[in-house]
Amino acid sequence: MTIVTRFAPSPTGNLHVGNLRTALHNWMWAVKHGGRFLLRIDDTDAERSEERFVEGIRADLDWMGLTPDGEARQSARFDLYERRFAGLVAAGRVYPAYESAQELDLKRKVLLGRGLPPIYDRAALTLTEAQVAAFEGEGRRPHWRFRLDAAPIAWDDMIRGPQRFDPATMSDPVVRRADGSWLYLLPSVIDDIDMGITHVVRGEDHVSNTAAQVQMFEALEATPPAFAHEALLTGSEGKLSKRLGSLGVAHFREAGIEPQALVSLLARIGTSDPVEPLADPTPLVAAFDFARFGRAPARFDEAELAGVNARIVHQLPFEAVRDRLPAGIDATGWDAIRPNLATVAEAADWWSVVEGPVDAQVDAEDRAYLAQAADAAAAIEWAADPWHALTGALKETTGRKGKPLFLPLRRALTGRDHGPDMAALLPLIGRERAIDRLRAAGG
Ligand code: GLU
């Protein structure tokens with residue numbers, strides 16, 4: 001059996017980190033099994049769907065490295081939905097209902113007032129022909145409900161384990177509005193059947209939809225796919241949706257996050273396995289398994305992501321980043337700077353300090369010290385660790401230590417009070433430039 005998964009976003013906004021995680025897991029499962037990963041654009045809602053979001057979804061998946069093996073759009077598939085819908089109507093599994101929203105609301109309130117669950121009473125199933133004719137005569141158009149079967153619904157969820165629902169506790173779901181437009185439930189099932197989806201991987205907010213959809217698969221004479229419902233993400237302070245909902249690829253790119261860092265983190269949070277920062281996700285894919293995921297919310301922590309990102313940056317070869325580096329950094333320069341970076345963008349900062357020119361503002365009382373430092377820099381051994389050689393020599397000859405020893409040197413050599421580790425930086429600045437900068441500051 002070829003494994004086929006799908007990521008099915010509605011193009012009504014930008015993907016957030018929770019969506020990216022779902023997309024990643026669908027992709028990983030398919031890739032792990034040599035299967036297919038499909039992108040399905042759920043754009044049945046013409047009013048809320050926007051082309052720019054469709055483009056954004058494609059670009060985001062591309063940035064993450066999650067290349068779909070195919071793409072489908074629900075808006076191009078209405079004929080298929082119409083045919084399958086007609087079959088369900090003919091079979092009596094989908095029926096017209098004429099209640100207005102206000103009438104349904106009233107029914108719900110009456111039930112709740114009596115302490116009963118607000119389950120739809122199926123009054124539409126007992127309408128006489130005359131009543132239907134009267135509604136139609138008033139100009140009412142029906143909406144359509146899927147008639148749930150009484151048999152208990154069960155599936156073995158790949159994450160949540162055995163699931164059981166009693167249809168008696170559920171309302172027959174509305175599948176189509178009076179204006180003919182589709183709700184999410186039925187077209188999704190029709191597509192999952194038509195596209196041969198074997199595994200549906202999505203958030204646990206869909207669990208009750210799945211209960212109804214399992215019966216829809218059966219009503220359409222298909223075996224339901226396997227389901228994995230993922231626990232939702234939670235923020236680092238336990239604060240959920242608001243902040244996470246605004247964290248998408250645009251934010252991560254701006255923060256200098258590499259796609260591999262996001263992939264490494266999202267592959268593992270919510271599992272009992274440690275996060276491994278891997279520039280090549282192959283081992284993560286090989287080890288990926290829904291059985292590793294728990295039912296507790298997965299904690300997404302931006303500080304953890306930043307840490308993973310730094311460890312990814314430290315692995316990236318020059319070829320992978322050369323387009324993003326300032327002119328002048330070669331492979332040797334990159335290898336020297338790389339271990340000190342939290343983001344690739346920081347390399348530019350380092351390089352501007354290395355190459356100069358630097359505009360050093362030094363205190364008048366440090367001039368003599370810096371002139372001495374220039375002499376010391378000319379005398380030390382540069383091959384090994386010039387920063388420690390230089391500061392060691394100056395400590396001895398001047399008696400300075402701590403800030404008065406280090407800060408004037410940093411200012412003279414870099415033009416700044418803060419910045420990269422001097423021990424890593426000084427070999428890149430090199431002997432000639434360092435002596436020149438110290439002399440200029442000391443003169
Ligand atoms: N469009 C639905 C959503 O974004 C798809 C859910 C599913 O994967 O079936 O929630």
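Counting starts at 1 for both ligands and their atoms, in listed order. As the structure is a computational prediction, the values presented were derived from the model and not from experiment.
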Could you work out, with salt bridge (charged side-chain N to carboxylate O under 4.0 Å, His left out) as the rule, every residue matching Glu82, not counting sequence neighbours? Arg176
Would Arg6 and Phe37 count as a cation-pi pair here, with the cationic atom under 6.0 angstrom from the ring centre and within 45° of the axis? no
One should read off an interatomic distance between Leu407 CG and Met422 CE, to the nearest 0.5 angstrom, of 10.5 Å
Compute the ring centroids of Trp155 and Phe217, then answer whether they are less than 6.0 Å apart. no
Name the orientation class of the two ring planes belonging to Tyr184 and His206 (parallel below 30°, tilted from 30 to 60°, perpendicular beyond 60°). tilted
Let me know which protein residues bring a heavy atom to under 4.0 Å of ligand 1; chain then number is fine for ordering. Arg6, Ala8, Ser10, Asp42, Tyr184, Ser188, Arg202, His206
Between Trp182 and Phe85, what is the ring plane arrangement, given parallel below 30°, perpendicular above 60°, and tilted in between? perpendicular
